[in-house]
Protein chains: 2
Amino acid sequence: MKATFYEGNKTFSVKETEIVAPAAGEVRIKVAYCGVCGTDVHIYHGMMDQRVKIPQIIGHEMSGEIDALGEGVSNFSIGDKVVVRPLDNRGEKPSDKGFSHICKELKFIGIDSQGAMQQYWNVPSFTLHKLPATTDLKLAALIEPLSVACHDVRRGRLKAGETAVVLGGGPIGLLVAMVAKSVGAQVIISEVNPKRIALAEELGFLAVNPAKTDLIEYVNSKTENRLADVVFEVAGVQPALDTMTEVAGIRGRIVMVAIHGQPKPINLFKFFWKELELLGARVYEGEDYEQSIQLITKGELPFERLITAVEPLTNIQGLFEQIDTNPEGMKYLLNCQA
Amino acid sequence: MKATFYEGNKTFSVKETEIVAPAAGEVRIKVAYCGVCGTDVHIYHGMMDQRVKIPQIIGHEMSGEIDALGEGVSNFSIGDKVVVRPLDNRGEKPSDKGFSHICKELKFIGIDSQGAMQQYWNVPSFTLHKLPATTDLKLAALIEPLSVACHDVRRGRLKAGETAVVLGGGPIGLLVAMVAKSVGAQVIISEVNPKRIALAEELGFLAVNPAKTDLIEYVNSKTENRLADVVFEVAGVQPALDTMTEVAGIRGRIVMVAIHGQPKPINLFKFFWKELELLGARVYEGEDYEQSIQLITKGELPFERLITAVEPLTNIQGLFEQIDTNPEGMKYLLNCQA
């Protein structure tokens with residue numbers, strides 16, 4: 001079979017490797033598609049060379065079919081369509097208070113261990129979610145990032161009739177917007193890139209360029225001056241941090257979706273004055289995966305429009321180079337059997 | 001009667017004024033005691049000269065007895081012991097979503113209008129909470145700041161068996177600690193001032209000087225490595241903001257009690273990693289007052305120990321000067337009939 005390896009220095013190799021039998025408690029998956037996560041791009045850029053073990057097979061936004069069962073795996077069958085929730089919580093302790101998905105000893109499969117950018121992938125069966133037999137496996141590669149969005153929306157306790165403002169209209173921003181819409185909220189996306197604004201509008205969202213339009217006034221006009229009930233900070237830049245405390249209304253909830261590596265100035269006075277909440281959100285839990293699977297398989301939302309390109313596994317190097325040169329791109333997938 | 005006036009330039013005057021009949025919907029209160037809030041000290045320091053109307057009667061941490069009833073006030077009687085919840089929400093709008101206590105047009109009685117540092121005070125009857133006839137009116141002057149603490153603890157959703165870390169052992173920090181203890185939490189106070197540490201310990205709290213002891217290690221040792229379930233940031237300084245995200249455990253809630261006038265650097269990565277929550281808290285709601293009245297009137301907690309000094313109303317100037325020279329002081333009261 002073919003497997004791809006991150007070799008450091010912005011380089012992937014493609015090699016022939018042995019197909020390995022699954023260990024006890026594991027399954028072997030014939031990987032159908034694997035999407036490229038922002039984290040995968042970080043790895044490609046060498047930002048995580050101290051965490052990955054070069055040469056490393058990366059990738060975790062995948063879909064596939066079970067190809068072989070290890071000893072003791074009884075709740076799955078060969079041929080089942082599945083996705084992997086790539087969280088290995090086997091080091092969980094009582095001090096983690098039951099929050100498995102963010103336990104201190106959490107290992108992320110595809111970063112801390114081998115990932116899905118290969119033809120066959122062995123994983124523990126506890127990571128699997130089964131898909132209906134009719135599921136489109138290309139769309140199913142979006143289940144992992146969509147689960148992030150489901151988790152973000154759940155953390156924000158967003159309800160029907162409320163207004164969500166999404167700061168940043170990239171792939172995760174649009175997925176958050178789609179989940180927010182699916183729960184019955186009014187959604188306003190703030191984004192500066194004209195092509196991303198156009199896509200957001202094409203997907204049916206209100207989209208505002210805050211460099212051209214006063215976002216606060218705009219949101220006030222759409223909410224009878226209530227401003228946002230929930231703000232999703234997905235942009236990861238200081239102007240978004242400055243805006244989030246302004247655009248949130250009284251008792252507004254702000255979900256921190258972006259990852260800020262350094263401490264950043266935050267207007268704490270606004271937290272006091274409007275009794276705002278800031279909610280950290282990281283990965284997902286099982287119920288987020290189930291919600292995400294529902295959304296993908298019901299087929300009511302235009303997820304297909306988020307797929308910018310699909311490349312064969314063997315062109316992994318070209319795909320990552322393409323991502324770097326196209327700031328408007330959304331989701332990029334590898335076809336792992338092509 | 002005697003009334004005191006903030007005249008600007010760190011100066012109070014004491015004047016003879018007319019006792020005025022209460023308007024319709026108002027009551028006249030014979031003020032018993034009025035405590036000095038941090039905000040009153042800010043006013044004295046000239047920090048709020050643009051908001052107050054000099055000469056201004058300030059003060060809102062009060063207790064007293066109803067002395068006269070205005071037209072249409074039927075749910076109170078002359079002689080009732082009362083405290084005032086000094087929030088005038090008559091400008092409330094639908095866009096405030098029912099959060100009266102932080103509505104956009106909120107007026108704070110005793111800052112935006114005349115306060116309690118006088119012998120008789122006329123206030124709208126909707127601001128009143130009735131006290132049991134046996135209530136000690138000196139302790140009752142602590143009901144307003146204690147209600148702040150009740151609100152903070154409620155915002156933090158602190159439960160029995162959880163661990164609360166209070167950053168800052170001043171008057172509000174100790175009141176938060178007392179309320180936290182009353183709900184059944186383990187309480188750890190972080191404070192650098194040795195006299196405040198001594199008082200915290202005398203009141204039965206675990207108290208740590210973070211300049212001498214590693215607070216994170218200490219809290220870990222008291223929580224089987226769970227760290228804090230709820231952190232109260234009461235200190236208002238950058239080291240406390242740096243500590244709060246460290247000392248909070250997985251899914252920890254951080255209540256922002258201190259008022260930070262300027263944007264401050266916050267470790268947002270920790271919010272992501274541990275799925276922390278930051279909760280803004282401002283003043284109180286009716287139920288916080290009721291809880292606070294219960295705590296004061298049950299007499300199970302040593303609130304008396306928080307009263308540093310009681311001075312006659314006519315010595316208001318001396319009292320504010322005393323506060324400025326005594327950084328270890330807790331609550332200072334004016335006896336408004338002396």
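Any value given below was found using the heavy atoms of this structure, including those in side chains, with hydrogens, waters and symmetry copies removed. Please read all numbers here as calculations on a predicted model, not as lab measurements. Convention: sequence-line order gives letters A, B, ...; per-chain numbering from 1.
Contact annotation for A:E275: both backbone and side-chain heavy atoms come within less than 4.5 Å of a heavy atom of chain B. Neither the backbone nor the side chain of A:L227 comes within less than 4.5 Å of any heavy atom in chain B. Contact annotation for A:D242: neither backbone nor side-chain heavy atoms come within less than 4.5 Å of a heavy atom of chain B.
Considering only heavy atoms from C-beta on, B:L276 stays 4.5 Å or farther from A:L278 through its side chain. The closest side-chain heavy-atom distance from A:R251 to B:I102 is below 4.5 Å.
For the options A:K264, A:K270, A:H260, heavy-atom pairs under 4.5 Å to chain B are most numerous at A:K264. Of the residues considered (A:R253, A:H101, A:K274), A:H101 shows the highest number of contacts with chain B, using heavy-atom pairs under 4.5 Å.
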* List the steps, then state whether side chain to side chain contact (heavy atoms under 4.5 Å, CB included) holds for B:S95 with A:E224. => CA-CA 7 Å; B:S95 60; A:E224 295 176 319; 6.0 Å; no
* Asked: Would B:E277 and A:R157 satisfy salt bridge (Lys or Arg N to Asp or Glu O under 4.0 Å), going step by step from the backbone distance to the final call?
  -> CA-CA 13 Å; B:E277 287 181 40; A:R157 309 191 303 279; 5.3 Å; no
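Between the B:K97 side chain and the A:I250 main chain, a donor and an acceptor come within less than 3.5 Å of each other. Although no hydrogens or angles enter the test, the distance criterion places no donor-acceptor pair under 3.5 Å between the side chain of A:R282 and the main chain of B:F272.
With rounding to the nearest 0.5 angstrom, the CD1 atom of A:I266 is 10.5 Å from the CE atom of B:M256.
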